[in-house]
*Asks:* 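The structure is given below, and queries will be raised subsequently.
Naming: A, B, ... by sequence-line order, numbering from 1 per chain. Bear in mind the structure is a predicted one, so any value in this text is a computation, not a measurement.
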Amino acid sequence: LLMGYYDIDDILAEQEAVHCTFRTDIIKLAHLDPSAIVHSKDPSHDNRIKKDSKIDLPLWIAMHLKKRKFVIVDNPKFFSHRYRQTLTADPTVVNLYDWCPFFYQVGLRLSELTQNIAIAELLTKSFGERYKTIMDLSQNSVEEDTAHLTRKLDVMERKLFNAGLTADREFQLWLKRKSKQIEPSHSVTRKRKRSTTQ
Amino acid sequence: CVCVCGVDMSSDEDDEGGDVVEHIALLNQAWLNEKNCPEILPYENEAVNNLQEQIVQQEELAREHARDNVKNYFLYNVYQMELSRLKYLLRSYLRVRLKKIEKFVVHILKSERLRGYLGQNELVYAEEYKKITETHLAESCLSRLPDAFQKTDDPSEGMVPEPNLNHHVFCYVHEDVGTIQLRDDPPQTVPLSKGELAMIRYEPVSGLLRNKKVSLL
Amino acid sequence: NTLMEVTTASEIEFLAEHEHIFIVPSFEAPAFAFISGEVGPFRPERPVSVPLWLAIMLKTRRQCHIKPPPWLTEEYLKSKLQEERDSETFAEMPDHYQEIAALLFERASDDINQVNKIRTLLADINDLRHSKIRKGLTSLKDVAVVKLNNLSLMELNAIRPFFVESMNTFFKLQEGEEAAVQEDT
Amino acid sequence: SLSLSSVSNMYGELGIEILRDLKRCEPPLLPPFQDDKMRKIIQEIDGLYNEVRKTFETHKDEIATPEVSGSLVVHHASIQRNKRCMLAYISERMKRLQALRWDAGSVLPPNIRDNVGAHERDFFSDYNKLLNKYMQYVGLDLTADLKPPKELYVEVRCLKEFGEIELENGTVVLQKDSQHFLRRSDVEHLIRQGVLEHIV
């Protein structure tokens, strides 16, 4: 799965922590383990992390270690059986952002990494229901503050919502024959706004 | 029929403008295609050049009208209006392409085929743009890294931005094209006939677009 | 990934303004030699076909009346409304019908018979078509191609970003499912 | 050289910090360039790189073992991660600088000028030159006419004292709150700069 090398959200998504169990000792990784400061007094001085250590690691490190089978990756709790059941039962009610702001991106990486088809299917199923709600929200909130509507959406869903909302607002503006106005540039309006509030 | 250009093609076959009328229709279509296509499309060199020449001539003509007398100032405005519309079309077309060139500059420049899609000015722009962005990346970061980590074009790391050919597009079918292959494994096909409008993944229709059998809306 | 430049409603209106429409001028003038073709000559009370942008320009200066296109009538739109009701698919509408109607309502409403009835009819047609669009949008999962025959450029544009991004996401998630069973474990 | 126990427990965290900082500020605005943190990230990379080299030297015969190769993998990935964060940071800022050129013209707005790094100023100037050269070649100001033209003349209200402007048919004095009916192509850039307001 190709991801955007320069995509900030993709980078942030890979910062999400997953639970790893080391299948081997690895030298010079004690810094990853908050409880390992004790080990650093180890006479061997190689700051090793011990086999069977259980540590939360960001996805970008876990991916590299898992590919070489140096760790076992446990699914985060939002992909546990119980959470999956909750989401399947009522997909539109769940606050995915609270579960994980990058729910889909993390899910995609994890399902590939751990060859877990159940997670991949869950993502399709969840999105298959939720996007309809997002569509309704994005077409019914002209001139409204939308923050409370997007509360339950993960980052990817929020982007989708905003895309729909922007297009709908633009169309409504056109219907009202207001879209022909030449507008000041964004940098100018932002500056003005700020100086009036200061 | 979904007609986007709306230029009356039936009239005026007699004067030298006949050519440019077709070119305007072509540019309207090319503009929409370019706006909605994830990758860069071949540059409509002849149409752009022709239209630009006509604009220069027409501007001269319009100025003459303005000089003539006051009554003709209205005529001057009418001609100016058409001119500003055509200039908008040109500007917007060139603008969309420039943005796309900037976004995929490395990807475009390393492919002979894609380089060939650029106009002469665009190619010069792309080369120069690549140079200034690489200089900037080098000066603000890369040149201060260990030698082995100074590369910016490692395809295995996904460092070269490429167009997403899996992007979905709205595709209008100009002539029957039979059944097209959406994927090989498992095989999946869809028939597309004249006059249909389909939202579809870009990659399977990219060839049809270049052959002008379909256009993007 | 949504960095593609979006097409705006004003841009689609711009395309619609190329369309030709009949006007009845109140002035006399030789033909205009436009780059995009000759228009005119103009004689008082003699209908002549001009691009919509010119028609609006002349109308604003009170130099012509605009003849509404044959489809902008109560009779035609009533039959279209019925057609729209009777079918699951979209009825075929004239190119750029929304944009042309919007421009004429705004700038030449005195040239349109029964303008309020016509407005209402068009609004009803639009509502009906819009609800069909929304219905169509609720079953994107597992679909590779969505046919939207007879949908207008303006109509599709209003739903484009949402629609396209959703389809892109479904495709990505489907790829994800395949990637999750690819390797031998 | 870098002492492992002195760093926070994870590499690549500064990279995330600068990206979050950038994300908090909506485009096309720019937060101050994080010179200091960039320098620290580069130091972190140097430290990691030294560590990799040391591992190669002191564990020459055990490179293939999980104990050592696992370590090399993580250190190498950490360098790449830091590099990716920095490049994403610079690229996003580059994108915003370009957008500013199209949006606000060839002079950086004062509220942004101070937030731009030295190299970024050079880049903005290079980009400005390049775009001007291209527009000269094609004979069109591409930053004009961002919306389709609707009419040749527009009604505008002046939002601030601006003074005289020279137009084809003479000079116009732009005083605060004065209203004018002017050629669209003459005033579009003034509307975009916030000097005039387009009245519809």
*Asks:* Step through the shown structure and confirm whether more than 12 heavy atoms of other residues, nucleotides or ligands are within 6.0 Å of CZ on C/Arg62.
*Replies:* no
*Asks:* Check whether C/Ile12 gets within reach of chain B through its side chain, its backbone, both or neither, counting any heavy atom under 4.5 Å.
*Replies:* neither
*Asks:* Could you check which of B/Ala198, B/Ser92, B/Ala62 has the highest count of heavy-atom pairs closer than 4.5 Å to chain C?
*Replies:* B/Ala198
*Asks:* With a 4.5 Å limit on heavy-atom distance, are the side chains of C/Phe163 and B/His168 in contact?
*Replies:* no
*Asks:* So, applying side chain to side chain contact (heavy atoms under 4.5 Å, CB included) with B/Leu197, which one of C/Leu156, C/Leu153, C/Asn150 is it?
*Replies:* C/Leu156
*Asks:* Return yes if some donor-acceptor pair links the side-chain N/O of B/Asn166 with the main-chain N/O of C/Asn168 below 3.5 Å, else return no.
*Replies:* no
*Asks:* Heavy-atom pairs under 4.5 Å with chain B: which of C/Pro94, C/Ala33, C/Ser152 has the most?
*Replies:* C/Ala33
*Asks:* Output the distance between atom CD1 (C/Ile35) and atom CD (B/Gln58), rounded to the nearest 0.5 Å.
*Replies:* 4.5 Å
*Asks:* Minimum heavy-atom separation for B/Leu75 to C/Phe32, with atom names?
*Replies:* CD1-CE2, 3.1 Å
*Asks:* At a 4.5 Å cut-off on heavy atoms, which part of C/Phe34 comes close to chain B: side chain, backbone, both, or neither?
*Replies:* both
*Asks:* If I take atom CD from residue C/Glu11 and atom OH from residue B/Tyr88, how far apart are they, to the nearest 0.5 angstrom?
*Replies:* 3.5 Å
*Asks:* Quick one: do B/Arg85 and C/Glu13 make a salt bridge, cutoff under 4.0 Å?
*Replies:* no
*Asks:* Please look at C/Ala29 and chain B and tell me whether the side chain, the backbone, both or neither of the residue comes under 4.5 angstrom of a heavy atom of that chain.
*Replies:* neither
*Asks:* So, does B/Glu82 use its side chain to make a donor-acceptor pair with the main chain of C/Ser36 at under 3.5 Å?
*Replies:* yes
*Asks:* For C/Met167, is it the side chain, the backbone, both or neither that has a heavy atom under 4.5 Å from a heavy atom of chain B?
*Replies:* both
*Asks:* If you count heavy atoms of other groups shown closer than 6.0 angstrom to CD of B/Glu60, is the number above 12?
*Replies:* yes
*Asks:* Heavy-atom distances under 4.5 Å only: say whether C/Leu148 touches chain B with side chain, backbone, both or neither.
*Replies:* both
*Asks:* If I measure from the heavy atoms of chain B, does C/Arg160 come under 4.5 Å with its side chain, its backbone, both, or neither?
*Replies:* both
*Asks:* Shorter than 4.5 Å, heavy atoms on both sides: which option in B/Val96, B/Val78, B/Leu89 has the most such pairs with chain C?
*Replies:* B/Val78
*Asks:* Taking C-beta and beyond as the side chain, do C/Val164 and B/Phe170 meet within less than 4.5 Å on heavy atoms?
*Replies:* yes
*Asks:* Any chance you could measure C/Met154, atom CE, to B/Leu217, atom CG, to the nearest 0.5 Å?
*Replies:* 13.0 Å
*Asks:* Does CD in B/Glu46 sit with more than 12 non-hydrogen atoms of other residues, nucleotides or ligands closer than 6.0 Å?
*Replies:* no
*Asks:* Are there over 12 heavy-atom neighbours, none belonging to B/Lys110, within less than 6.0 Å of that residue's NZ?
*Replies:* yes
*Asks:* Taking atom NZ as the centre, does B/Lys99 end up with more than 12 heavy-atom neighbours from other residues, nucleotides or ligands that are less than 6.0 angstrom away?
*Replies:* yes
*Asks:* Measure distances from B/Leu51 to the heavy atoms of chain C and classify the residue's part below 4.5 Å as side chain, backbone, both or neither.
*Replies:* side chain
*Asks:* Using atom types as modelled and distance alone, determine if a side-chain donor or acceptor of C/Asn149 lies under 3.5 Å from a backbone N or O of B/Glu196.
*Replies:* no
*Asks:* Any chance CZ of B/Arg210 has more than 12 other-residue heavy atoms, nucleotides or ligands included, within less than 6.0 Å?
*Replies:* yes
*Asks:* Rounded at 0.5 Å granularity, tell me how far NZ in B/Lys35 sits from OG1 in C/Thr8.
*Replies:* 6.5 Å
*Asks:* Taking CG in C/Asn113 as the centre, count heavy atoms belonging to other residues, nucleotides or ligands within less than 6.0 Å. Is the count above 12?
*Replies:* no
*Asks:* Is there a side-chain contact between B/Val190 and C/Lys147 in this structure, where contact means two heavy atoms from C-beta onward sitting under 4.5 Å apart?
*Replies:* yes
*Asks:* Side chains of B/Met81 and C/Leu54: closer than 4.5 Å at any heavy-atom pair?
*Replies:* no
*Asks:* Counting only heavy atoms not in C/Glu88, do more than 12 fall under 6.0 Å of its CD?
*Replies:* no
*Asks:* For the NE2 atom of B/His167 and the CZ atom of C/Phe171, what is their distance to the nearest 0.5 Å?
*Replies:* 13.0 Å
